Amino acid sequence: MVKDKNLKSLSEFGGVEGVGHVLGTVLNKGIIGSDDDISRRIELFGSNTYKKPPPKGLLHFVLEAFNDTTIIILLVCAGLSLGFGIKEHGAGEGWYEGGSIFLAVFLVVVVSALSNFRQERQFHKLSKISNNIKVEVVRNGRPQKISIFDVLVGDIVSLKIGDQIPADGVFLSGHSLQVDESSMTGESDHVEIEHLRAPFLLSGSKVVDGYAQMLVTSVGKNTSWGQMMSSITRDTNERTPLQARLDKLTSSIGKVGLAVAFLVLLVLLIRYFTGNSQEDKGHTKFRGSKTDINDVLNSVVSIVAAAVTIVVVAIPEGLPLAVTLTLAYSMKRMMADNAMVRKLSACETMGSATVICTDKTGTLTLNQMRVTKFCLGIENFTDIFSNAMAPKVLELFHQGVGLNTTGSVYNPPSGSEPEISGSPTEKAILLWAVSELGMNMDEMKQKHKVLHVETFNSEKKRSGVVVKKENDDRVHVHWKGAAEMVLAMCTSYIDSNGVRKSLVDEERSKIETIIQGMAASSLRCIAFAHMEISDSEDNDYMITREKKTHQSLREDGLTLLGIVGLKDPCRPNTKKAVETCKAAGVEIKMITGDNIFTAKAIATECGILDPKNANAGEVVEGVEFRNYTEEERMEKVDKILVLARSSPMDKLLMVQCLRKKGHVVAVTGDGTNDAPALKEADIGLSMGIQGTEVAKESSDIVILDDNFNSVATVLRWGRCVYNNIQKFIQFQLTVNVAALVINFIAAVSSGDVPLTTVQLLWVNLIMDTLGALALATERPTKELMKKKPIGRTEPLITNIMWRNLLAQASYQIAVLLIMQFYGKSIFNVSKEVKNTLIFNTFVLCQVFNEFNSRSMEKLYVFEGILKNHLFIGIIGITIVLQILMVELLRKFADTERLTWEQWGICIGIAVVSWPLACIVKLIPVSDKPSFSYTKWIKLLVVKIKKAF
């Protein structure tokens, strides 16, 4: 019936009332909601869940890992090495190198697959959390919030702007309801829902205007949305910008490795066939026709294996793993810090943010509003509100508060405190009316009929209602909203005695002063206005607007009833968080719907505005901002710190201007109308508590506690992600450069490589896998928030990184080449022991350099190391495994046992990397990227060629 929008079927049931009767729902109270009732409904109609396709298994990720180019190259290398090894040394010992490469590949694949499998499961969990929307239902007369998965057939669900419709159902009651069914039907036009002609509501649709209650008729897999979602899986193969850049880096390094390998192959073949290669005993390997063909093949096999080894070394297979690990780790930690990542790219982009545009209410403030001041007439402020006004005025206030609201008041049968629901503003005003003015909301609704509703939205900043009291010919129009906007609609006011007086310029000026005074005290000012129309005037309260098909309430000739001031205190840690962001070079801009005086007061309290260094143009109203020319906006946007009385389109306009100026912009938003700005921004941050489902779906990260402090935490984590990747790149490239140069120089000069394929794969494996785990899981430090933001175009490898990695690589290359050429005589050892010393020293150098990589600029790299148990554990595991490789797995690793003295020598050489790092970090480097100079020279050369 609902899926097909069949009105005939609905009428056969006896309309909505008949459907409610069939489903056992009392239309003004909902279902009973007892355990037995809930169990029976789930058994009869099912639950509001649908069967999702299962997440991908481990085998899928193993097969996916084998499709990686790096892995394929390594497998080819392993196959060649295995074939050549068996050919040269026989099946007994010849399988060592090829077999060990296969083992290394297997380990890399398993680690990568396990990591991706874990990430898939994490996404699956996050998906469950993000889909667990809270829905307001009425059960046994009591409004309550439940999970969307707990909605049952027969439930009465309350809907407001921005809500997602949780199940299929029919319209029960409400006003001005419009829904967006584009997710279901593909139609972009909003659908008007009304009792007679279009009462059907489809799950998955979004409420774009009005409010209503609906009766649920089908849930879960019985809805169109449930059937559609059952066949959809979430794509977790999203490639972030950083991952794309690293793919390019890996590819570039691989190409360099292939070029070097080809060069080595060429040089070694030339050396061999020209008779310049000698055996261990000093005999020339190739003696023309005298050399046996098997010896020639074996020698060529050895040369090819040496070249293959260089390719193996050159490919930094740990980089993709490091990114996956750090993103997965940071997502998990951010979740613990009240930030749920919806898009992976936001993790790293947030680290580059230069401007944060934040809301005020609930983000900078606690969102715990209370009415603290009340103005009736011109100067009458009082705490005993109900005693201060005439009965007639009190009744008008009851109407204006109780009937012009989307909130509700539930009075428990036990007689305990009333339960009030709605937005924080609505709850504060309702609590004030119930506790201070003695309003009975249920009685108000029974005695009055609502004729028309103008719903509140961010553009109008006010809401209106037309009501008629039973047995009364008079019609009452009530408006409620932003004080200065409602005041502009009034031509008279009522004093405390209920006498209506004309609102001349002098009185208007006094009331404006009162509003400004309340606003300057950080109060949100809400005004109430009223118009009474006799029955003879009929529909005189309605007007038809240009370009609109519907009539709207009159907005002139009203009588001001009074003004309330609502206090919403700043969150305790907001000022500190704002100062932290400012110290990190990130500008904070507050965009709020409040008036300019309230906005100024809150911004000063939060530390966004500095009263001692106030500059012109820092605080601007939305209407002024949108009326600027394009050039004026671009010129002034950087100076603006507070945008008051702004609309969502003003927020979008500001984001667009800031991005055009090259800023990386993060924006917070909670309303449906914030969706365009959240999508336009580089990072959209929606609010988990007050945010609508539309806002959440448009955002990249959901701030679960609506707290600005959590926004600052996200910024810190964003920088940490980027910094951890850079640390690992520096560490990884040091290993790759050193190993590549050592093997290249040794191969070309002596035709021999000191580091075998097995040893180099071992280095790659422990440094890539374990190094990635150690450095990619470092937590954010205070120093990260003292640096300037990372620009959009800043190179991945900075000058500081080049300085550090080239210094360490140069030291390792120099020491190991000395050991290669003079080690036998210096240490008085055999060639095999010398090669073991080189291998052991090389690995230990990386272990000590791992400590240096914890900080690229700080001299003291041991800060917080005892808290990082994972780092200490990985260092310990690496050392234990290295001892096993040298002392026990000698045939497998092609090593010899070392004495205590030789171990001491290896450690002594490796530990020099610590003082070397301290000295190198004292060398200043230019902020200008190193490769920008070469680009400039190339451009100059091209221009000179064109000139001639």
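In this text the structure is predicted, and so the values were computed from the model without any measurement.
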Exercise for the section: To the nearest 0.5 angstrom, please state how far the CG atom of Leu177 sits from the CD1 atom of Ile161. Expected result: 9.5 Å

Exercise for the section: List the steps and the verdict of side chain to side chain contact (heavy atoms under 4.5 Å, CB included) for Val137 and Gln144. Expected result: CA-CA 6 Å; Val137 299; Gln144 52 189 282; 4.0 Å; yes

Problem - Flag side-chain contact, heavy atom, 4.5 Å: His478 against Leu396 - result: yes

Practice task
For residues Ile511 and Arg508, determine if any side-chain heavy atom of one lies less than 4.5 Å from a side-chain heavy atom of the other.
Solution key: no

Handout entry: side-chain hydrogen bond (donor to acceptor under 3.5 Å, both in side chains) partner of Lys360, the single match among Thr668, Asp594, Thr365, Thr592
Key = Asp594

Handout entry: Lys468 bridged to Asp472 by N-O distance under 4.0 Å
Key = no

Exercise for the section: State whether a side-chain donor-acceptor pair under 3.5 Å links Ser408 with Ser421. Expected result: yes

Handout entry: Under 3.5 Å: donor-acceptor pair, side chain of Ser509, backbone of Glu506
Key = no

Exercise for the section: Return yes when atom NZ of Lys134 has more than 12 non-hydrogen atoms of other residues, nucleotides or ligands closer than 6.0 Å, and no otherwise. Expected result: yes

Fill in the blank from the handout: Rounded to the nearest 0.5 Å, the CG atom of Leu561 sits from the CG atom of Leu394 at a distance of 11.0 Å

Problem - Check ion pair Lys501-Asp495 (N to O, under 4.0 angstrom) - result: yes

Problem - Derivation and outcome, side chain to side chain contact (heavy atoms under 4.5 Å, CB included), residues Met649 and Arg626 - result: CA-CA 9 Å; Met649 294 315 292; Arg626 75 181 80 108; over 6 Å; no

Practice task
Mind listing the closest non-hydrogen atom pair of Val219 and Ala167 along with its distance?
Solution key: CG1-CB, 3.9 Å

Completion exercise
Correct closest heavy-atom pair for Met369 and Ala428 would be O-CB, 3.4 Å

Exercise for the section: Mark yes or no for whether Asp706, through its side chain, and Thr363, through its backbone, hold a donor-acceptor pair below 3.5 Å. Expected result: no

Exercise for the section: May I ask you to decide if the ring planes of Phe374 and Phe397 are parallel, tilted or perpendicular, using 30° and 60° as cut-offs? Expected result: perpendicular

Problem - Val465 and His175, any side-chain heavy atoms less than 4.5 Å apart - result: no

Practice task
Please say whether more than 12 non-hydrogen atoms of neighbouring residues, nucleotides or ligands are located less than 6.0 Å from CD in Glu512.
Solution key: yes

Exercise for the section: For the pair Lys5 and Glu181, find out whether any cationic side-chain nitrogen is under 4.0 Å from an anionic carboxylate oxygen. Expected result: yes

Exercise for the section: Considering non-hydrogen atoms only, spot the tightest contact between Asp650 and Arg645 and give its length. Expected result: OD2-O, 4.3 Å

Practice task
Look up atom CD in Glu443 and atom NE2 in His448, then write down how far apart they are to the nearest 0.5 Å.
Solution key: 9.5 Å

Exercise for the section: Report, as yes or no, whether the 6.0 Å neighbourhood of atom CD on Glu470 holds more than 12 heavy atoms from other residues, nucleotides or ligands. Expected result: yes

Exercise for the section: Identify whether the distance between the nearest side-chain nitrogen and carboxylate oxygen of Glu419 and Arg142 falls below 4.0 Å. Expected result: yes

Exercise for the section: Look at the side chain of Arg41 and the backbone N and O of Val153, then say whether any donor-acceptor pair between them is shorter than 3.5 Å. Expected result: yes

Problem - Intermediate values then yes/no, side chain to side chain donor-acceptor pair (under 3.5 Å), Thr223 and Ser218 - result: CA-CA 6 Å; Thr223 66; Ser218 53; over 6 Å; no

Handout entry: Nearest-0.5 Å distance, CD of residue Glu697 to NZ of residue Lys206
Key = 4.0 Å

Problem - Ionic contact status for Asp442 with Lys445, cut-off 4.0 Å - result: no

Exercise for the section: Go through the steps for Ile38 and Arg139 under the test side chain to side chain contact (heavy atoms under 4.5 Å, CB included), then give the verdict. Expected result: CA-CA 11 Å; Ile38 290 169; Arg139 288 183 178 176; 3.8 Å; yes

Practice task
State whether the number of non-hydrogen atoms from other residues, nucleotides or ligands found under 6.0 Å of Ile32 atom CD1 is greater than 12.
Solution key: no

Handout entry: Crowding at CG, Asp505 (>12 non-hydrogen neighbours, <6.0 Å)
Key = no

Exercise for the section: For residues Phe200 and Leu10, determine if any side-chain heavy atom of one lies less than 4.5 Å from a side-chain heavy atom of the other. Expected result: yes

Exercise for the section: With Met214 as reference, evaluate Val170, Ile165, Leu172 under the side chain to side chain contact (heavy atoms under 4.5 Å, CB included) test and give the passing residue. Expected result: Ile165

Practice task
Can you see which heavy atom on Val26 is nearest to which on Ile156, and at what distance?
Solution key: O-CD1, 3.7 Å

Exercise for the section: Begin with the C-alpha distance, continue with both residues' side-chain angles, and end with the deciding distance and a verdict on salt bridge (Lys or Arg N to Asp or Glu O under 4.0 Å) for Glu532 and Arg500. Expected result: CA-CA 12 Å; Glu532 185 180 297; Arg500 181 176 167 182; over 6 Å; no

Exercise for the section: Identify the heavy atoms of Ala483 and Ile515 that sit nearest to each other, and give their distance. Expected result: CB-CD1, 3.7 Å

Exercise for the section: Using a 4.5 Å cut-off on heavy atoms from C-beta on, say whether the side chain of Phe45 contacts that of Asn222. Expected result: no

Problem - Trace of the side chain to side chain contact (heavy atoms under 4.5 Å, CB included) decision for Ile148 with Gln164 - result: CA-CA 10 Å; Ile148 190 171; Gln164 178 179 312; 4.3 Å; yes

Handout entry: Pairwise side-chain contact, Leu152 with Asn48, heavy-atom cut-off 4.5 Å (strictly under)
Key = no

Handout entry: Distance-only side-chain donor-acceptor flag, His452 / Glu454, under 3.5 Å
Key = yes

Handout entry: Carboxylate-amine/guanidinium proximity below 4.0 Å for Lys160 and Glu136
Key = no

Problem - Side-chain donor or acceptor of Trp479 paired with backbone N/O of Ala527 under 3.5 Å - result: no

Handout entry: Test side chain to side chain contact (heavy atoms under 4.5 Å, CB included) applied to Glu426 and Thr405, Asn404, Ile420, Leu431, the passing residue
Key = Thr405

Practice task
Give a yes or no on this: more than 12 heavy atoms of other residues, nucleotides or ligands lie within 6.0 Å of atom NZ of Lys447.
Solution key: no

Completion exercise
Here the gap from Ile563 atom CD1 to Ile526 atom CD1, rounded to the nearest 0.5 Å, amounts to 10.5 Å

Exercise for the section: Ignoring hydrogens and angles, state whether a donor on the side chain of Asn595 or Thr598 is under 3.5 Å from an acceptor on the partner side chain. Expected result: yes

Exercise for the section: Using modelled atom types only, decide if a donor and an acceptor are shared between the side chain of Ser647 and the backbone of Gly622 within a distance under 3.5 Å. Expected result: no

Problem - Point-to-point distance, once rounded to the nearest 0.5 Å, from CE of Met439 to CD of Glu395 - result: 13.0 Å

Practice task
Identify the two heavy atoms, one from Pro418 and one from Val434, that lie closest to each other, and give their separation to 0.1 Å.
Solution key: CG-CG1, 4.0 Å

Problem - Residue pair Thr406 / Phe456, side-chain heavy-atom distance below 4.5 Å - result: no

Problem - Minimum side-chain heavy-atom gap Phe13-Thr217 below 4.5 Å - result: no

